[in-house]
Protein chains: 2
Amino acid sequence: MASEEKAPRPLGDLERLVMERLWAAPAALTVREVHEQLADTRELAYTTVMTVLDRLAKKKLTERERDGKAWRYRAASPREELAADLMRDALDRAGDRREALVRFVGQVSDEEAALLREALGRLEDHAESEERAG
Amino acid sequence: MASEEKAPRPLGDLERLVMERLWAAPAALTVREVHEQLADTRELAYTTVMTVLDRLAKKKLTERERDGKAWRYRAASPREELAADLMRDALDRAGDRREALVRFVGQVSDEEAALLREALGRLEDHAESEERAG
DNA sequence: AACCATCTACGACGTTACGTAGTAGATGCT
DNA sequence: AGCATCTACTACGTAACGTCGTAGATGGTT
């Protein structure tokens, strides 16, 4: 682990749009399906969607599996996982982590702060269980 | 507030290098100073450094003030502030914040988790003081 | 005042990512 | 065999960024 510096470029607008469709879908989608879903938002050539999906796959953001002669794409990881990764990267870029975290926490809404406490709480429980078990 | 979607592009490599020098400096630096400081890391034309500094200024990442005929540049905000902003942006892109935070906390090191708790603790104290005062 | 070192302003070029799409050929169904 | 569909590959415009050069402004020195 710890390969360092590998900041995932933030997706382009179209790429994000496509990813959102994939994340929202209950199952892997074909190019055609994504294309159709985007129809009401944006008029794009079928091949445009294909290209984007393909590029996303090359970036490991989507995975694809055969379905007849077509490919079915799905997000490689959940949206929240990507968000968490980006948060990590951002934190790694800070010089003083403590300071960065303090500032981050300072920007967060009350609700988010509560969610953070909750998340940290779970971590604690986890650690305890492992302690007991280990 | 809440202008939404304004993801700050992650800096390019050179841009980051330059910002790091500015963040590390105790005071605003001239183009020449930055150029000299980078000398041991990378051989760049003086104007290259100037261009980068200028672009950073246009992006509001640096501020500049006159010093004789030269400009002195300094980071517009501390490194940790930028990191915190990026964390915020990342979080905003998540669908389910709770989930994103849980995952983020799950990736964080023990030390970082402790720092987070500490930061959240301060927040609490803050809230209490305000409560008493308000 | 003329001169020289230095700085800035601005333009330029190559590369890469991304939005966008066309063409050719593979593939599978009827 | 034929048609509809899908993929693969190529391509082009734009914008960001790395990288620099030239021209002209500026200020200190003689």
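Here the structure is a predicted model, which is why all the values come from computation and not from measurement. So that the names make sense, note that chain A is the first sequence line, chain B the second, and so on, each numbered from 1.
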N/O contacts under 3.5 Å, protein versus nucleotides 27-30 of chain C?
{"from": "C:dT27", "atom 1": "O2", "to": "A:Lys69", "atom 2": "NZ", "distance (Å)": "3.1"}

Contacting residues from residues 20-34 of chain A, given that a heavy atom lies under 4.0 angstrom of DNA chain C: none
Five pairs at each end of the helix from C:dA1-D:dT30 to C:dT30-D:dA1: take the axis at both ends and give me the angle between them to 10°. 0°
Supply the atom-to-atom distance A:Glu80 CD to B:Arg98 CZ, rounded to the nearest 0.5 angstrom. 12.0 Å
To the nearest 0.5 Å, atom CG of B:Asp110 lies from atom CG of A:Leu123 at 8.0 Å
Under the side chain to side chain contact (heavy atoms under 4.5 Å, CB included) test, which residues partner B:Arg97, sequence neighbours left out? A:Glu112, A:Leu115, B:Arg88, B:Leu91, B:Asp92
Reading DNA chain D in the 5' to 3' direction, which nucleotide is the first one with an atom under 4.0 Å from a heavy atom of chain B, and which is the last? D:dC17 to D:dG27
Tabulate below the donor-acceptor pairs under 3.5 Å that side-chain atoms of residues 39-55 of chain B make, not counting sequence neighbours, or state none.
{"from": "B:Thr41", "atom 1": "OG1", "to": "B:Arg21", "atom 2": "NH2", "distance (Å)": "3.1"}
{"from": "B:Thr51", "atom 1": "OG1", "to": "B:Thr47", "atom 2": "O", "distance (Å)": "2.9"}
{"from": "B:Asp54", "atom 1": "OD2", "to": "B:Lys58", "atom 2": "NZ", "distance (Å)": "3.4"}

Scan residues 44-53 of chain B for pairs that pass salt bridge (charged side-chain N to carboxylate O under 4.0 Å, His left out), counting only residues two or more places apart or in two chains. none
Does the A:Trp23 side chain pair with the main chain of A:Val18, one donor and one acceptor, at a distance under 3.5 Å? no
Name all residues meeting the side chain to side chain contact (heavy atoms under 4.5 Å, CB included) criterion together with B:Glu33; count only those two or more places apart in sequence or in a different chain, and write none if there are none. B:Leu29, B:Thr30, B:Arg72
Please work out if B:Lys58 contacts a base, only the sugar-phosphate, or nothing of the nucleic acid, heavy-atom cut-off 4.0 Å. nothing
Can you tell me if A:Arg103 uses its side chain to pair, donor with acceptor, with the backbone of B:Leu82 under 3.5 Å? no
Would you check if the side chain of A:Arg117 reaches a backbone N or O of B:Leu120 as a donor-acceptor pair within less than 3.5 Å? yes
Whole-Å gap separating C1' (C:dT6) and CZ (B:Arg72): 14 Å
Audit row: B:Leu86, A:Leu86, side chain to side chain contact (heavy atoms under 4.5 Å, CB included) steps and yes/no: CA-CA 8 Å; B:Leu86 288 172; A:Leu86 288 172; over 6 Å; no
Can you list the residues that meet the side chain to side chain donor-acceptor pair (under 3.5 Å) rule with B:Lys59, with sequence neighbours excluded? B:Glu15
Quick check for you: to the nearest 0.5 Å, what is the distance between A:Asp85 atom CG and B:Gln107 atom CD? 5.0 Å
Kindly write out the residues that satisfy side chain to side chain donor-acceptor pair (under 3.5 Å) with A:Arg122, not counting sequence neighbours, or none if the list is empty. A:Glu118
Below 3.5 Å between N/O atoms, which protein atoms pair up with nucleotides 19-23 of chain C? Just atom names and distances, please.
{"from": "C:dG19", "atom 1": "OP1", "to": "A:Asp13", "atom 2": "N", "distance (Å)": "2.8"}
{"from": "C:dG19", "atom 1": "OP1", "to": "A:Leu14", "atom 2": "N", "distance (Å)": "2.8"}
{"from": "C:dG19", "atom 1": "N7", "to": "A:Arg55", "atom 2": "NH1", "distance (Å)": "2.8"}
{"from": "C:dG19", "atom 1": "O6", "to": "A:Arg55", "atom 2": "NH2", "distance (Å)": "3.1"}
{"from": "C:dT20", "atom 1": "OP1", "to": "A:Arg42", "atom 2": "NH2", "distance (Å)": "3.4"}
{"from": "C:dT20", "atom 1": "OP2", "to": "A:Arg42", "atom 2": "NH2", "distance (Å)": "3.0"}
{"from": "C:dT20", "atom 1": "O4", "to": "A:Arg55", "atom 2": "NH2", "distance (Å)": "3.2"}
{"from": "C:dA21", "atom 1": "OP2", "to": "A:Ala45", "atom 2": "N", "distance (Å)": "3.0"}
{"from": "C:dA21", "atom 1": "OP2", "to": "A:Thr48", "atom 2": "OG1", "distance (Å)": "3.2"}
{"from": "C:dA21", "atom 1": "N6", "to": "A:Thr51", "atom 2": "OG1", "distance (Å)": "2.8"}
{"from": "C:dG22", "atom 1": "N7", "to": "A:Thr47", "atom 2": "OG1", "distance (Å)": "3.1"}

B:Trp71 and B:Thr62, any side-chain heavy atoms less than 4.5 Å apart: no
What pairs with A:Glu65 under salt bridge (charged side-chain N to carboxylate O under 4.0 Å, His left out), at least two apart in sequence or on another chain? A:Arg74
